[in-house]
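Presented below is the structure to which this report refers.
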Amino acid sequence: MADQQADELSLDEVVEFTSGLIRIDTTNRGGGDCRERPAAEYAAERLAGAGLEPLLLERTPGRTNVVARIEGTDPSADALLVHGHLDVVPAEAADWHVHPFSGEVRDGVVWGRGAVDMKNMDAMILAVVRSWARRGVRPRRDLVLAFTADEEASAEDGSGFLADRHPELFEGCTEGIGESGAFTFHDGSGREIYPIAAGERGTAWLKLTAHGRAGHGSRVNTRNAVTRLAAAVTRIGEHEWPLRLTPTVRAALTELAALYGIDADFRETDRLLEKLGPAARLVEATVRNSANPTMLDAGYKVNVIPGEAVAHIDGRYLAGTEEEFTATLDELTGPDVRWEFTHREAALEAPVDAPLFARMRAAVQEFAPDGHVVPYCMSGGTDAKQFSRLGITGYGFSPLKLPAGLDYQALFHGVDERVPVTALHFGVRVLDRLLRTA
């Protein structure tokens with residue numbers, strides 16, 4: 001009975017903690033405009049309540065990270081990192097049906113910025129370790145818990161700072177789990193697919209600068225910086241990147257093809273994606289590199305041709321293709337536009353035949369027996385990139401059982417971000433099962 005009461009309390013706590021963290025506005029606007037400390041103190045207080053000794057660490061005042069270690073029962077086992085970030089992207093309240101920082105629980109759903117990215121996972125971790133404290137449970141492996149700042153920008157104040165300045169806190173960690181995976185993907189035909197991330201495309205944020213001859217807007221000017229920049233941006237935006245299949249993407253396609261009874265013919269990958277139907281969404285963004293123009297800045301008056309024009313590009317590249325990516329950018333920008341990285345992080349690959357992946361698969365299937373677990377590669381990036389500097393192999397595992405019609409991926413950075421209470425309950429049960437046995 002005691003265990004059952006503790007389990008029920010952990011289900012209440014995960015909802016309470018998700019809501020409580022959402023109410024703490026940790027909007028990260030970039031450029032250092034964020035303050036995670038109140039959320040870090042919230043997490044640290046609850047870890048201390050579970051008998052742990054959390055450390056609060058900052059590179060910049062107010063940009064706070066929390067790290068705690070739980071000792072496992074097997075001293076010979078490698079440690080496991082479990083991480084989640086505390087910052088969120090901006091939200092315009094006028095666009096939402098429920099205020100984005102209310103943390104309101106309405107009709108069985110928790111609303112607010114961070115509900116899926118990723119204060120829900122932070123809350124799951126807190127609820128699980130507090131449940132263990134009440135029940136006297138210890139994991140097999142040492143667990144290092146990290147709640148980070150600045151993931152939604154450069155991570156320089158978060159996981160990058162921790163990896164570079166405090167590597168000793170992660171001693172023995174060989175693997176890690178964080179966002180984003182083990183969520184329900186509904187394919188429209190009744191199947192429930194649970195993708196677990198075993199790879200990430202690399203991050204390549206770029207700044208393009210075109211120089212030309214400044215002058216009057218009414219005069220002929222064959223060295224117009226805006227024209228030069230616009231041509232380069234157009235070439236980049238319209239470029240068709242070639243197919244490049246990494247081991248993780250091949251594994252994803254192979255398992256999806258088997259699920260649908262389709263031949264995994266990699267000689268016709270685009271045709272294979274068509275045959276997968278809606279499930280292709282799990283893979284299609286990661287079979288190629290990409291470079292999307294996102295920002296433009298030029299000029300200060302309509303009748304003045306500026307001498308400089310600037311654009312920013314969100315580039316992403318697959319493992320093993322960085323040299324190809326940079327060579328392609330050299331070609332697309334041409335001789336009149338200079339480009340540089342403003343932020344660059346490595347692409348990641350993790351083995352899908354590892355014991356940890358098998359245990360993640362088993363944990364999901366225990367509570368979703370009709371679900372189909374598959375590996376996949378994330379199109380974006382997470383704190384796993386920075387932790388990889390320490391030799392930690394990262395997986396995306398933030399379990400949620402979602403109803404049909406709730407588009408999980410669209411909720412990331414979207415309007416009306418929310419998570420069902422039942423999804424949080426599922427996440428606590430699955431996370432508890434994995435972390436006890438991993």
Side-chain angles (χ1 to χ4, degrees), residues 116-117 179-201 238-290 292 316-319 321 347 349-350 352-353 357 360-361 364-365 367-381 395-420 422-423 426-427 430:
V116 298
D117 186 15
E179 63 176 333
S180 139
F183 57 89
T184 318
F185 177 89
H186 295 272
D187 73 348
S189 64
R191 291 183 181 85
E192 293 184 354
I193 301 172
Y194 289 84
I196 294 175
E200 300 181 6
R201 291 198 299 176
E238 294 180 348
H239 180 67
E240 294 185 9
W241 294 86
L243 281 164
R244 295 289 183 263
L245 300 182
T246 65
T248 296
V249 174
R250 284 179 176 269
L253 287 169
T254 298
E255 292 202 26
L256 287 169
L259 177 61
Y260 289 93
I262 299 168
D263 180 30
D265 187 353
F266 298 125
R267 295 169 300 178
E268 298 185 9
T269 302
D270 286 330
R271 178 63 181 145
L272 173 58
L273 290 171
E274 290 177 10
K275 292 179 180 180
L276 291 176
R281 288 178 55 197
L282 295 171
V283 185
E284 61 189 1
T286 58
V287 298
R288 294 176 169 86
N289 296 334
S290 65
N292 285 312
R316 309 286 172 147
Y317 62 91
L318 291 157
T321 70
E349 285 281 307
V352 300
D353 57 353
F357 194 93
M360 289 189 288
R361 188 191 295 267
V364 170
Q365 290 179 329
F367 296 98
D370 295 327
H372 305 276
V373 176
V374 300
Y376 88 120
C377 176
M378 278 188 266
S379 61
Y395 294 92
F397 189 83
S398 305
L400 293 172
K401 184 174 176 60
L402 301 170
L406 187 66
D407 189 341
Y408 171 82
Q409 292 170 316
L411 294 176
F412 270 76
H413 300 191
V415 173
D416 288 338
E417 186 178 348
R418 61 201 184 275
V419 63
T422 54
F426 173 85
V430 173

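Scanning all heavy atoms of the two residues, the minimum distance from Leu402 to Pro420 falls at CD2-CD, 3.9 Å. In this structure, Ala285 and Ser379 approach most closely via the heavy-atom pair CB-CB, 3.9 Å. Smallest separation of non-hydrogen atoms from Val352 and Ala198: CG1-CB, 3.7 Å. The two residues Leu318 and Ala347 make their nearest non-hydrogen contact at C-CB, 3.8 Å. Closest approach of Leu400 and Ala423 over heavy atoms only: CD2-O, 3.6 Å. Across every non-hydrogen atom of Ile193 and Leu256, the tightest pair is CD1-CD2, 4.1 Å.
Relative to the six-membered ring of Tyr317, Arg201 misses at least one condition, a distance below 6.0 Å or an angle of at most 45° to the axis.
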Worksheet item: Could you go step by step and tell me if Arg288 and Asp270 meet the salt bridge (Lys or Arg N to Asp or Glu O under 4.0 Å) rule?
Response: CA-CA 11 Å; Arg288 294 176 169 86; Asp270 286 330; 3.2 Å; yes
Practice prompt. Check step by step if side-chain contact (heavy atoms from CB on, under 4.5 Å) holds for Tyr260 and Asp187.
Written response: CA-CA 11 Å; Tyr260 289 93; Asp187 73 348; 2.5 Å; yes
Fill in: Pair Leu411-Asp117, side-chain contact (heavy atoms from CB on, under 4.5 Å): steps then yes or no
CA-CA 8 Å; Leu411 294 176; Asp117 186 15; over 6 Å; no
Worksheet item: Stepwise, does the side-chain contact (heavy atoms from CB on, under 4.5 Å) test hold for Ser180 with Phe412?
Response: CA-CA 10 Å; Ser180 139; Phe412 270 76; 3.9 Å; yes
Item to complete: Run the numbers on Arg244 and Val287 for side-chain contact (heavy atoms from CB on, under 4.5 Å), then give the verdict.
Response: CA-CA 6 Å; Arg244 295 289 183 263; Val287 298; over 6 Å; no
Worksheet item: Would Thr184 and Tyr194 satisfy side-chain hydrogen bond (donor to acceptor under 3.5 Å, both in side chains), going step by step from the backbone distance to the final call?
Response: CA-CA 5 Å; Thr184 318; Tyr194 289 84; 3.1 Å; yes
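Ion pairing of Arg361 with Glu255 is present here, as a side-chain N (NZ or NE/NH1/NH2) and a carboxylate O approach within less than 4.0 Å. Classification of Lys275 and Asp265 as a salt-bridged pair fails, no side-chain N sitting under 4.0 Å from a carboxylate O. Ionic pairing of Glu192 and Lys401 is present here: one or more N-O contacts between side-chain nitrogen and carboxylate oxygen are shorter than 4.0 angstrom.
A 4.5 Å side-chain heavy-atom check between Gln365 and Val373 finds at least one atom pair inside the cut-off.
Interatomic distance, Arg191 CZ to Phe185 CZ, rounded to the nearest 0.5 Å: 12.0 Å. Summarising the geometry, atom CG belonging to Asn289 is positioned 3.5 Å from atom OG1 belonging to Thr321; distances are rounded to the nearest 0.5 Å. Between the NE2 atom of His186 and the CG atom of Asp407 there is a distance of 10.5 Å, given to the nearest 0.5 Å. Here the straight-line distance linking atom CD of Glu274 with atom CD of Glu268 works out to 10.0 Å at 0.5 Å rounding. Rounding to the nearest 0.5 angstrom, the gap separating the OG atom in Ser398 from the CD1 atom in Ile196 is 10.5 Å. Separation of atoms CG (Leu276) and CD1 (Ile262) is listed at 5.0 Å; rounding is to 0.5 Å.
Of the possible donor and acceptor atoms, one in the side chain of Glu349 sits under 3.5 Å from a partner among the backbone N and O of Thr248.
Classification of the Phe183-Tyr408 ring pair by plane angle, with boundaries at 30° and 60°, yields parallel.
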